[in-house]
J.: 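This is the structure I have questions about; it appears just below.
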Amino acid sequence: MVVRVGFLGAGLIAHHHARSLARAGDRVRFVDCFDPDRDRAEGFAAAYGGGVATLVDEIIDAADAVFVCTWTAAHTPLVRAVADAGRAVFCEKPLAVNLAEATTMVEHVLRSGVINQVGLVLRRSPAFRWVAGTLARSGAEVGPVMSIVFRDDQYIPNQGLYDSTWRVEVAKGGSGTLLEHSIHDLDLIRWLMGPVESVSGRTANFHGYDGIEDLAHVQLNGPSGATASLISIWHDLLQRPSQRRVEVFCRRGYFHIEGDWHGPVSYDIGGRTGSLAGEALTAAAAELDGETDNPSVAFIDAVAAGRPAHPDFSVALEAHRLCDAAYRSAAAGGCPIDVD
Ligand SMILES: NC(=O)c1ccc[n+]([C@@H]2O[C@H](COP(=O)([O-])OP(=O)(O)OC[C@H]3O[C@@H](n4cnc5c(N)ncnc54)[C@H](O)[C@@H]3O)[C@@H](O)[C@H]2O)c1
């Protein structure tokens with residue numbers, strides 16, 4: 001089956017998906033794209049084929065699957081329109097500007113029954129897949145996860161590669177580094193550590209953009225006593241675009257992720273030590289889970305096969321719940337908040 005793909009929003013991440021879809025070859029055909037910024041829409045169409053639509057409905061009518069790649073506040077009405085038309089939908093993360101809106105959107109999409117996937121792309125990173133897969137396969141050897149120390153820093157993305165004013169406008173982005181960037185990290189922590197019972201958080205705003213925190217420190221507590229600590233920072237060091245450093249401590253195992261896609265990942269599995277990176281890491285992750293590292297193609301393949309895609313909207317909603325609990329805790333001075 002050739003999957004006809006439409007794009008709503010023709011900015012940075014839309015280009016990224018379009019380039020990734022090249023790996024699907026002639027299994028994909030681009031239909032028109034829509035972006036109120038006409039120059040962007042024309043540039044996108046010129047690069048990947050298809051044309052420029054003047055109405056969102058033209059794209060939805062012509063497509064089997066639609067990528068919603070607008071700034072965050074515009075996701076909800078577009079996702080609803082795509083789902084109402086019965087088309088498969090890929091929505092970028094975060095799903096929405098707050099938990100209430102994300103919840104309503106997810107309920108709507110699940111009721112519609114369309115194939116859905118969210119841009120929590122690190123679920124497809126060889127580094128995280130290898131650690132998650134090894135924890136699952138070697139559980140008895142390494143013992144349970146006791147603690148995760150997760151540090152994520154990037155330059156504030158109204159400059160550099162991102163160059164977007166909306167990321168420092170609360171009406172369009174919702175809030176700052178925790179929602180816009182570290183929703184990935186909250187999802188990864190839940191994936192690696194397991195269920196989260198309570199969350200406490202502190203936020204700060206050094207840059208002074210209204211409602212846009214540029215520092216978040218979150219502690220997540222699991223029912224077993226396991227804890228995770230997340231520090232998410234937006235600074236002005238343009239030479240540090242996005243750096244994640246993650247340590248996972250188990251009773252008899254340790255993992256250290258330094259590059260969030262290609263590694264290196266160093267490990268100690270019950271005394272067996274080593275390090276993996278690049279192609280060796282990609283191959284080792286695929287051997288464990290048989291999955292691809294290309295989220296855009298994975299979505300298209302799910303659509304072509306008529307099967308559920310992953311990670312889907314319900315996975316994203318769990319990350320939104322953690323994010324919301326952290327913000328509520330921060331607003332209350334950092335006290336622990338139970339996660340419903
Ligand atoms: N998965 C990831 O790792 C990742 C990385 C970057 C961005 N994102 C997410 O992708 C989304 C877009 O980010 P970006 O970096 O591409 O931003 P961007 O500013 O480069 O592009 C956003 C585009 O959306 C367009 N737009 C706004 N309202 C629209 C509407 N109603 N219909 C159609 N187009 C509309 C804008 O004109 C703009 O061109 C955000 O939600 C962001 O958080 C995810």
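When a ligand or atom number is given, it counts from 1 through the structure's own listing order.
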J.: With no hydrogens and no angle check, is any side-chain donor or acceptor of Arg123 less than 3.5 Å from a backbone partner on Arg129?
T.: no
J.: Examine distances only and state if a side-chain atom of Asp185 and a backbone atom of Leu188 form a donor-acceptor pair shorter than 3.5 Å.
T.: no
J.: Decide whether the shortest distance between a heavy atom of His184 and an atom of ligand 1 is less than 4.0 Å.
T.: yes
J.: Check ligand 1 against Gly11 and write out every atom of the ligand that is under 4.0 Å from a heavy-atom position of the residue.
T.: 16 (O), 20 (O), 21 (O)
J.: Is Phe67 reachable from Met1 through a run of hydrophobic residues whose side-chain heavy atoms are each under 4.5 Å from the next?
T.: yes
J.: Has ligand 1 got any nitrogen or oxygen that is less than 3.5 angstrom from a nitrogen or oxygen of Tyr162?
T.: no
J.: Within the structure provided, determine whether Asp64 and Arg87 are in side-chain contact (heavy-atom separation under 4.5 Å).
T.: no
J.: With backbone taken as N, CA, C and O and side chain as the heavy atoms from C-beta onward, which portion of Cys69 lies under 4.0 Å from ligand 1: side chain, backbone, both, or neither?
T.: backbone
J.: Is Val297 reachable from Ile13 through a run of hydrophobic residues whose side-chain heavy atoms are each under 4.5 Å from the next?
T.: no
J.: Could you list the atoms of ligand 1 found under 4.0 angstrom from a heavy atom of Phe34?
T.: 32 (N), 33 (C), 34 (N)
J.: Which residue owns the protein heavy atom closest to atom 34 (N) of ligand 1, what's the atom, and how far is it?
T.: Pro36 CD, 3.2 Å
J.: Nearest to atom 43 (O) of ligand 1, what protein heavy atom do you find, and at what distance?
T.: Glu180 OE1, 2.8 Å
J.: Step through the shown structure and confirm whether more than 12 heavy atoms of other residues, nucleotides or ligands are within 6.0 Å of CZ on Arg202.
T.: no
J.: Would you say Arg40 and ligand 1 have an N/O pair spaced under 3.5 Å apart?
T.: yes
J.: Could you list the atoms of ligand 1 found under 4.0 angstrom from a heavy atom of Pro94?
T.: 43 (O)
J.: Looking at atom 9 (C) of ligand 1, what's its closest protein heavy atom, distance included?
T.: Lys93 O, 3.4 Å
J.: Give yes if a backbone or side-chain nitrogen or oxygen of Leu12 is under 3.5 Å from a nitrogen or oxygen of ligand 1, and no if not.
T.: yes
J.: With a 4.5 Å heavy-atom cut-off, do Phe255 and Ser266 have their side chains touching?
T.: no
J.: Would one find an N or O of Gly119, backbone or side chain, under 3.5 Å from an N or O of ligand 1?
T.: yes
J.: If you measure from each heavy atom of Leu78 to ligand 1, is any distance below 4.0 Å?
T.: yes
J.: Which option, Arg167, His16, Glu92, owns the non-hydrogen atom nearest atom 7 (C) of ligand 1?
T.: Arg167
J.: Leu122, Leu220: one ILVMFWY side-chain cluster at the under-4.5 Å cut-off?
T.: yes
J.: What's the shortest distance from atom 4 (C) of ligand 1 to any protein heavy atom, and which residue and atom give it?
T.: Ile13 CD1, 3.5 Å
J.: For atom 39 (O) of ligand 1, which candidate among Leu120, Asp37, Asp35 provides the closest heavy atom?
T.: Asp35
J.: Has Trp166 got any heavy atom lying under 4.0 angstrom from an atom of ligand 1?
T.: yes
J.: Is Leu230 reachable from Trp191 through a run of I, L, V, M, F, W or Y residues, each pair having side-chain heavy atoms under 4.5 Å apart?
T.: yes
J.: Less than 4.5 Å apart, side chain to side chain, heavy atoms only: is that true for Arg80 and Thr104?
T.: yes
J.: Only counting residues at least two apart or in another chain, list the ones meeting side chain to side chain donor-acceptor pair (under 3.5 Å) with Thr76.
T.: Glu101
J.: Looking at atom 24 (O) of ligand 1, what's its closest protein heavy atom, distance included?
T.: Thr70 CA, 3.3 Å
J.: Assess His75 for proximity to ligand 1: is some non-hydrogen atom of it under 4.0 Å away?
T.: yes
J.: Please examine the side chains of Asn158 and Asp163, heavy atoms only from C-beta on, and report whether any two atoms are closer than 4.5 Å.
T.: no
